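Presented below is the structure to which this report refers.
Since the model is a prediction, treat every value here as computed from it, not as a measurement. Hydrogens, waters and symmetry mates play no part in the numbers below; they use all other heavy atoms, side chains included. In what follows, chains carry the letters A, B, and so on, assigned in the order in which the sequence lines appear, proteins first and then strands, with residues in each chain numbered from 1.
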Number of protein chains: 2
Amino acid sequence: MIDVALADDHPVVRAGLRSVLESHEDIRVVAEASTAEDMLAWTGAHRADVVLLDLRFGPGRMSGAQATRLLAERGGPAVLVVTTYGSDADILAAVEAGATGYLLKDAPTDELVRAVRAAAAGQVTLGPAVQERLLGRVRTPQLALTSRELDVLRLVAAGRSNDEIARELFVSRATVKTHLAHLYDKLGVTSRTRAVAVARDRGVLPV
Amino acid sequence: MIDVALADDHPVVRAGLRSVLESHEDIRVVAEASTAEDMLAWTGAHRADVVLLDLRFGPGRMSGAQATRLLAERGGPAVLVVTTYGSDADILAAVEAGATGYLLKDAPTDELVRAVRAAAAGQVTLGPAVQERLLGRVRTPQLALTSRELDVLRLVAAGRSNDEIARELFVSRATVKTHLAHLYDKLGVTSRTRAVAVARDRGVLPV
DNA sequence: CCGCGCATCGGCCGAAAGGACGAGTCCGGC
DNA sequence: GCCGGACTCGTCCTTTCGGCCGATGCGCGG
């Protein structure tokens, strides 16, 4: 028997996951939580074989990736991330944090069940859509932006001018321009708005 | 007895809605569809009291708003829109198309059930979160962008230069600049990147 | 140790964008 | 019929941005 705990901020999704999983004899839903914090608290006091975790909870709440990291550190149950959006950054963050699997919410139900069983057995499962995405990333060798470049890029996306960015990062205008030049080079663009558009497209920036 | 038909591209969400609704004696789920097109076809041959409809289906598929319009035109069942994101534009489009209600997917289950019963009775129901959003829109008087300004704004967000925009819209650079000046005025900004950021923030641009 | 990537800064120059005018057309409403 | 708003176009000017040069310091790995 596989004991599963659910954490998702959407009541309807929780009901759906429960409904799908409990229609199978070998799976039992033993807990539901609407936040990552609640799930952490619960797993501290109880046991489960698999935790189904959403990535994004409400604003100001702990992210699923962070919860995954904490669960993994304390040697907790296998974590199967089930989320709506799968940007490259999300997937990588979750896997890096120690997720045992990654599914999109639009996955068919049998795929979900298979992933739960695999996770319980300690096997890694990435949904087909996720795999394809990761493959795409391999094909497109991938821009490795430095942290400073990301700082600048985020502020550019927020609509700041080079001057404002310089002030906010406590550097000179020239430095900002240098980072921007590198960004343009890596993104293959020649203007800030284009850079933001491409970065969004590639999942570099949170949508 | 209220007969409900579900249309959502997420199998898990469909299961969740079914599970939540069928736990009530007076509600019966009589159909499930994974696309708006399927739902339209089904309602053409069968009857339902209420249709629960997602707004966004896969890329290239008919939108929930469009389906709502078609259902309303043929005098079909009440349409209750249940979707994840509720940007102002989405809500208005759905209501304008003839939706009987609008709920966010993170709504608690009892709210969902109440909305279904209300919709069956022909009453309009907007979820609390939706109401708040609409109120916010009233408080923030609301920028009324002209269609041409929206054209320009979208291209700016895509990273085009004024020159490119001029060519794509078959107008002169000066015209683009004029539209931009009006946009800046309405959005309260002084640069294109800022305009895009603010527009995204206000839900004017699709995220 | 020496190179290489990263971050930091500066100057110069041309191109793009933004601000501030004016001005013509067309359409719908009072 | 007149007025207002939307859309179109132009000119002149200032600011910002992007491209292109160079330079320094720092840490890390061959």
Could you report the tightest heavy-atom contact between [X] and [Y], atom names first, then the distance?
X: B/A72; Y: B/A97; result: CB-O, 3.7 Å
X: B/S191; Y: A/G159; result: OG-O, 3.9 Å
X: A/T68; Y: A/A99; result: CG2-N, 3.5 Å

Backbone of A/A158 reached by a side-chain donor or acceptor of B/R194 within 3.5 Å: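 Yes, the answer is positive, given that a donor and an acceptor are paired below the 3.5 Å cut-off.
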
Gap between atom CZ of A/R61 and atom CD of A/Q66 - 0.5 Å precision: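 The CD atom of A/Q66 sits 13.5 Å away from the CZ atom of A/R61.
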
Residue B/T190, side-chain atoms from C-beta onward, closest of D/dC17, C/dA17, C/dG19: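 Among the listed nucleotides, the one closest to the side chain of B/T190 is C/dG19.
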
B/Y184 side-chain proximity, nearest of C/dA7, D/dG18, C/dG18: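 Given the options C/dA7, D/dG18, C/dG18, the side chain of B/Y184 is closest to C/dG18.
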
Near-strand residues of residues 149-163 of chain A, defined as heavy-atom separation under 4.0 angstrom from DNA chain C: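 The answer is none.
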
Between [N] atom [atom2] and [X] atom [atom1], what is the distance in whole Å?
X: B/L183; N: D/dA6; atom1: CG; atom2: P; value: 12 Å
X: A/R194; N: D/dC17; atom1: CZ; atom2: P; value: 19 Å
X: B/L169; N: D/dA6; atom1: CG; atom2: P; value: 17 Å
X: A/I165; N: C/dA7; atom1: CD1; atom2: C1'; value: 16 Å
X: B/L145; N: D/dC7; atom1: CG; atom2: P; value: 10 Å
X: B/L187; N: C/dG18; atom1: CG; atom2: P; value: 12 Å

Report all side-chain donor-acceptor pairs from residues 2-16 of chain A shorter than 3.5 Å, counting only partners two or more places apart or in another chain.
unit_1, atom_1, unit_2, atom_2, d
A/D3, OD1, A/R28, NE, 2.9
A/D3, OD1, A/R28, NH2, 2.9
A/D3, OD2, A/R28, NH2, 3.4
A/D3, OD2, A/R47, NH1, 3.2
A/D8, OD1, A/H10, N, 2.8
A/D8, OD2, A/K105, NZ, 3.0
A/R14, NE, A/E32, OE1, 2.9
A/R14, NH1, A/D8, O, 2.7

Short side-chain N/O contact to D/dC7 OP1/OP2 from B/R148, under 4.0 Å: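 For D/dC7, neither OP1 nor OP2 has a side-chain N or O of B/R148 closer than 4.0 Å.
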
B/T146 vs D/dC7: side-chain N/O to OP1/OP2 distance below 4.0 Å: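 True: B/T146 side-chain N/O within range (under 4.0 Å) of D/dC7 OP1/OP2.
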
Salt bridge (charged side-chain N to carboxylate O under 4.0 Å, His left out) involving B/E164 - partner list, sequence neighbours excluded: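 Partners of B/E164 under the salt bridge (charged side-chain N to carboxylate O under 4.0 Å, His left out) test: none.
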
Axis deviation across the helix from C/dC1-D/dG30 to C/dC30-D/dG1, five-pair ends, to the nearest 10°: 40°

Name of the residue among B/N162, B/D163, B/T178 meeting side-chain hydrogen bond (donor to acceptor under 3.5 Å, both in side chains) with B/R173: B/D163

Member of A/D151, A/L145, A/L153, A/V152 meeting the side chain to side chain contact (heavy atoms under 4.5 Å, CB included) criterion with A/E149: A/L145

Any residue of residues 171-182 of chain B with a heavy atom less than 4.0 Å from an atom of DNA chain D: B/V171, B/S172, B/A174, B/T175, B/T178, B/H179

Working for side-chain hydrogen bond (donor to acceptor under 3.5 Å, both in side chains), residues B/T43 and B/R74: CA-CA 10 Å; B/T43 52; B/R74 69 159 84 141; 3.1 Å; yes

Exercise answer: donor-acceptor pairs, residues 108-117 of chain A side-chain atoms, under 3.5 Å, sequence neighbours excluded:
unit_1, atom_1, unit_2, atom_2, d
A/R117, NE, A/D26, OD2, 2.7
A/R117, NH2, A/D26, OD1, 3.2

